[in-house]
Amino acid sequence: MTNWRLSYYVSTPFLGSRLMLWSLFVINLLGTVYGYEWYWKQLLFTSENFGNAYLPFVPDSPTASLFFTCFIGFLLWNVDKQTGIAVPPERAGWLRGCIEAFALITSFKYGVWAVAMIWAGAYQGDGIVWQDWMLTISHLGMAAEALLYARFYRYMPGAVLIVAAWTLWNDAMDYGAGVFPWLPETLLDDLGAIRLFTMGLSFIGIAIAIIIWLIRYRKHGRILQHKSV
């Protein structure tokens, strides 16, 4: 019985329920607002010292959560009136597909990245305050929700290609132009390793997106084959 109860919380009826979707929509929206507020000083600094063209490359995590909020909004639109469970279309249009791919790749990437930076800084002597615990929990949640909702994504490979190009370009701008998120001072002498770690997470996120699409593609192919028999 315990196993059944635990499995229910990762099931489609639970994850796709209207209550769960609304809860995630509000949580991610509030997190997005908080994230942009947290980046506000760096945004002002970037605007004054680099120019407004660099602003889109600064607030990484809140932009990721913004796209995941939009993805959840699509699922709320897809909630079946009779069952109360989200039923996404078989295939997403290019806009929705790009939003889904962006939500998956960047939420996973920056969810893991932020936690790693917080605790790498702590390991080297940076102090830990209550906000660090809050950010750790919230960013782990970002990475987890991006993976938990894999069954609801309907993006196509072209969307992954577009988001992959943006993600790697963002990495190049962060560590090429120096607009990466402000780090604990204890990590500033490790920028080379952080750059490699960040790009590695980008490739992992892209690979996850491709694998999820392949699983869905093969599953859909088997369903069509079964129907034709």
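Because only heavy atoms are used, hydrogens play no part in the values below, and waters and symmetry mates are left out as well, while side chains stay in. None of the values given here were measured: they were computed from a predicted structure.
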Applying the 4.5 Å side-chain criterion to the ILVMFWY set and letting contacts propagate, would Val79 and Val26 be lumped into a single cluster? no
Side chain to side chain contact (heavy atoms under 4.5 Å, CB included) between Phe71 and Phe67: does it pass, once the steps are laid out? CA-CA 6 Å; Phe71 162 63; Phe67 275 80; over 6 Å; no
Taking Ser23 for the side chain and Leu19 for the main chain, is one N or O donor matched with an acceptor at less than 3.5 Å? yes
Can you name the nearest heavy-atom pair linking Cys98 to Ala159, along with the distance? N-CB, 3.7 Å
Do the ring planes of Tyr217 and Trp213 sit parallel (below 30°), tilted (30 to 60°) or perpendicular (above 60°)? parallel
So, using ring-ring contact (aromatic ring centres under 6.0 Å, His included) as the criterion, who are the partners of Trp169 when residues are at least two apart? Phe57, Trp166
So, do Phe152 and Phe74 have ring centers that fall under 6.0 Å from each other? no
Can you hop from Leu191 to Trp113 via hydrophobic side chains spaced under 4.5 Å? yes
Spacing of Leu75 atom CG and Ser17 atom OG [to the nearest 0.5 Å]: 11.0 Å
Passes side chain to side chain contact (heavy atoms under 4.5 Å, CB included), Lys109 versus Asp171? Steps please. CA-CA 11 Å; Lys109 171 186 175 181; Asp171 291 343; 2.5 Å; yes
Check the pair Ile85 / Thr12 against side chain to side chain contact (heavy atoms under 4.5 Å, CB included), numbers first and verdict last. CA-CA 8 Å; Ile85 300 172; Thr12 297; 4.2 Å; yes
What distance do Leu43 atom CG and Tyr36 atom OH have between them, rounded to the nearest 0.5 Å? 8.5 Å
Mind checking whether Tyr175 and Phe180 have parallel, tilted or perpendicular rings, split at 30° and 60°? parallel
Tell me, which pairs form a salt bridge (charged side-chain N to carboxylate O under 4.0 Å, His left out) where one or both residues lie in residues 202-214, sequence neighbours left out? none
Side chain to side chain contact (heavy atoms under 4.5 Å, CB included) for Val87 and Asn78? Distances and angles first, verdict last. CA-CA 5 Å; Val87 182; Asn78 298 142; 5.5 Å; no
Would you indicate whether the side-chain heavy atoms of Leu148 and Tyr9 approach each other to under 4.5 Å? no
Trp182-Trp40 aromatic ring centre distance below 6.0 Å: no
With a 4.5 Å cut-off on side-chain heavy atoms, are Leu168 and Phe203 touching? yes
Phe14 atom CZ, neighbour heavy-atom count above 12 within 6.0 Å: yes
Is there side-chain contact between Pro88 and Arg96, with at least one heavy-atom pair below 4.5 Å? yes
Would you compute the distance between atom CZ of Arg18 and atom CG of Asp80 and round it to the nearest 0.5 angstrom? 9.0 Å
State yes or no: do Leu140 and Leu135 share one hydrophobic cluster built from I, L, V, M, F, W and Y residues joined by side-chain heavy-atom distances below 4.5 Å, directly or via other members? yes
Any idea which heavy atoms bring Ser107 and Ala64 closest together, and the distance? OG-O, 3.5 Å
Ala177 versus Phe50, closest heavy-atom pair with distance: O-CE2, 3.2 Å
Would you say Val58 and Phe45 make side-chain contact, with heavy atoms under 4.5 Å? no
What are the two closest non-hydrogen atoms of Val115 and Thr136, and how far apart are they? CG2-O, 3.7 Å
Is the number of heavy atoms from other residues, nucleotides or ligands under 6.0 Å of Tyr54 OH greater than 12? no
Would the distance check show the side chain of Tyr155 and the main-chain N or O of Ala209 forming a donor-acceptor pair, the cut-off being under 3.5 Å? yes
State plainly whether one hydrophobic cluster holds both Met142 and Leu201, where clusters connect Ile, Leu, Val, Met, Phe, Trp and Tyr through side-chain heavy atoms under 4.5 angstrom apart. no
Any side-chain heavy atom of His139 within less than 4.5 Å of one from Ile118? no
Determine the minimum heavy-atom distance between Thr186 and Asp190, stating which atoms define it. O-OD2, 3.8 Å
Within the distance-only criterion (no hydrogens, no angle test), does the side chain of Ser47 pair as donor or acceptor with the backbone N or O of Leu44 below 3.5 angstrom? no
Of all heavy-atom pairs between Leu21 and Leu15, which one has the smallest distance, and what is that distance? CD2-O, 3.6 Å
Just by distance, do the side chain of Gln124 and the backbone of Leu187 share a donor-acceptor pair under 3.5 Å? no
Pairwise side-chain contact, Asp60 with Asp174, heavy-atom cut-off 4.5 Å (strictly under): yes
Side chain of Arg216, backbone of Ala150: donor and acceptor closer than 3.5 Å? no
Is the backbone N or O of Leu104 less than 3.5 Å from a side-chain atom of Tyr149, with the two atoms forming a donor-acceptor pair by type? no
What's the separation between atom CD1 in Ile99 and atom CG in Leu95, rounded to the nearest 0.5 Å? 4.0 Å
Quick check: is Phe68 connected to Met20 through a chain of hydrophobic side chains (ILVMFWY, heavy atoms under 4.5 Å apart)? yes
Do Phe102 and Thr167 have side chains that approach each other closer than 4.5 Å (heavy atoms only, starting at C-beta)? no
Got a second to check how far Cys70's SG is from Phe25's CZ, nearest 0.5 Å? 7.5 Å
How far does OH of Tyr153 sit from CD1 of Ile212, to the nearest 0.5 angstrom? 6.5 Å
Heavy-atom side-chain contact between Ile128 and Trp119 under 4.5 Å: yes
